[in-house]
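The structure appears right after this line, and notes come after that.
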Amino acid sequence: MSLQSDLETPAVTVDIDIMEDNIRRVQAHLSAHGIANRPHIKTHKIPALGKLQMQAGAVGITCQKLGEVEVFADAGVADDVLLTFNILGAAKTERLMALSRRLKRLAVVLDNEAVAKGLSQAAVQHGGDVRFLIECDTGMGRNGVQTPQAALDLARSAIKLPHMQFEGLMTFPTRYPGSHAFFEEALALFKRAGIAVPVVSGGGTPAIFGVEQFPMLTEHRAGTYLFNDVMTVASGTATWDNCAMRVRATVVSRPTDTRAVIDCGTKVLTSDLYTVTGYGHVVEYPDAVIPHLSEEHGVIDLSKCAERPAVGDIVHVIPNHCCVVSNMVDEIVGVRGGRVEQVWTVAARGAVR
Ligand SMILES: Cc1ncc(COP(=O)(O)O)c(C=O)c1O
């Protein structure tokens with residue numbers, strides 16, 4: 001077994017003790033509130049990690065893309081999968097039908113009639129049923145029907161199409177204040193219409209430790225909690241000690257007294273900023289800021305640091321958004337106690353179709 005200190009940089013590492021603790025804590029919290037855990041595998045794209053989540057008590061997995069479902073089905077990770085994306089076009093609906101023949105349950109979300117019609121046509125053509133949830137926009141401003149009445153109207157018209165089985169409602173992320181009222185109103189409308197809603201699916205790491213405020217949820221989909229990152233720390237959901245993913249990098253230049261440059265840029269750390277300042281948290285120099293990345297260079301501003309690194313020193317950066325970092329590298333290195341314990345191939349890397 002090799003040492004972490006021997007790893008060539010840049011390397012994306014995951015502290016296995018921290019990751020296992022994240023899996024345990026989140027599973028325990030959701031179980032304590034009677035909410036099924038359906039982790040989103042887009043965070044890691046590694047079947048072995050999906051298996052760990054399943055062994056810990058997850059009921060199934062969430063995937064964002066058909067390609068992810070294919071990789072995870074091949075690896076036998078879970079036989080209950082929710083695909084949270086509108087599936088459109090013959091090539092994709094055909095792949096979906098092929099996958100639903102292989103899995104015990106494959107459900108998919110939709111938010112418009114064109115998608116519902118395409119799915120129904122594929123189900124008629126290829127045989128089998130399509131289980132679907134209506135995606136609701138409860139505040140994010142991305143996909144989703146805009147009102148509870150629109151959810152009912154779409155469910156009603158999709159149910160009438162051949163081979164379409166309505167399973168419930170879904171939103172992302174749950175944390176928006178409007179989610180509670182949206183779901184309550186929608187559930188009342190469905191009840192009055194005599195349509196059962198077996199699944200109410202919420203999502204997002206920042207909402208995990210507040211799920212109790214959403215008693216109507218039957219399941220929760222979180223992804224980032226597995227590794228955590230600057231954004232989950234900024235949201236108050238995690239501490240630096242809960243961050244399992246680090247980018248191990250070498251200081252390759254010290255052009256000025258206050259500037260260091262490391263050997264990774266947007267092609268590892270990504271350019272995701274969202275609401276945070278800088279492109280990552282430097283563990284060894286917590287007062288440092290990464291104000292600028294080019295593709296292969298990371299610029300660190302050391303103005304506020306009493307101690308400063310020398311050329312050749314190693315630093316570890318907690319990335320802003322771990323889910324995108326996983327998709328940037330072929331391998332993620334699992335470390336424990338300073339030793340390399342596992343090297344995982346990111347099997348669903350680039351599976352964006
Ligand atoms: C539809 C959906 N569900 C769940 C998640 C998981 O959210 P998080 O990574 O905050 O845990 C995402 C994240 O992008 C998502 O898009």
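From a predicted model like this one, the values you see are computed outputs, not experimental measurements. Indexing begins at 1, ligand by ligand and atom by atom, following the structure's order.
Among all non-hydrogen protein atoms, the one lying nearest atom 9 (O) of ligand 1 is Thr224 OG1, 2.5 Å. The protein non-hydrogen atom at the shortest distance from atom 6 (C) of ligand 1 is Gly223 N, 3.7 Å. When only non-hydrogen protein atoms are considered, atom 10 (O) of ligand 1 lies nearest to Thr205 N, 2.9 Å. Nearest protein neighbour of atom 5 (C) of ligand 1, counting heavy atoms only, is Phe172 CE1, 3.3 Å. Closest to atom 14 (O) of ligand 1, if we only count protein heavy atoms, is Lys42 NZ, 3.2 Å.
The Gly204 neighbourhood of ligand 1 comprises atoms 7 (O), 8 (P), 10 (O), 11 (O), with distances under 4.0 Å to a heavy atom of that residue. Against a heavy-atom cut-off of under 4.0 Å, Ala222 is close to the following atoms of ligand 1: 11 (O). Proximity to His40 (heavy-atom distance under 4.0 Å) selects the following atoms of ligand 1: 2 (C), 3 (N), 4 (C), 5 (C), 12 (C), 15 (C). The atoms of ligand 1 that sit less than 4.0 Å from any heavy atom of Thr84 are 1 (C).
Remark: Arg308 engages Asp257 in a salt bridge, criterion side-chain N to carboxylate O under 4.0 Å. By the 4.0 Å N-to-carboxylate-O rule, Glu68 lies too far from Arg353 to be salt-bridged with it.
Summarising the geometry, atom NZ belonging to Lys45 is positioned 10.0 Å from atom NZ belonging to Lys42; distances are rounded to the nearest 0.5 Å. Atom CZ of Arg221 sits about 11.5 Å away from atom CD1 of Ile208, to the nearest 0.5 Å.
If you check each of Arg175, Met170, Gln64, Met231 against atom 16 (O) of ligand 1, the one with the closest non-hydrogen atom is Gln64.
Taking the side chain as every heavy atom from C-beta outward, Asn320 and Leu273 approach each other to under 4.5 Å.
In this structure, a donor-acceptor pair under 3.5 Å is absent between the side chains of Glu331 and Thr345. Between the side chains of Glu113 and Ser157, a donor-acceptor pair is found at a separation under 3.5 Å.
Heavy atoms only, all atoms of each residue included: Asn327 and Ala348 are closest at OD1-O, 4.4 Å.
Ligand 1 lies within reach of Arg142, whose nearest heavy atom is under 4.0 Å from it.
With a 4.0 Å heavy-atom cut-off, ligand 1 is reached by the backbone of Arg221 and by its side chain too.
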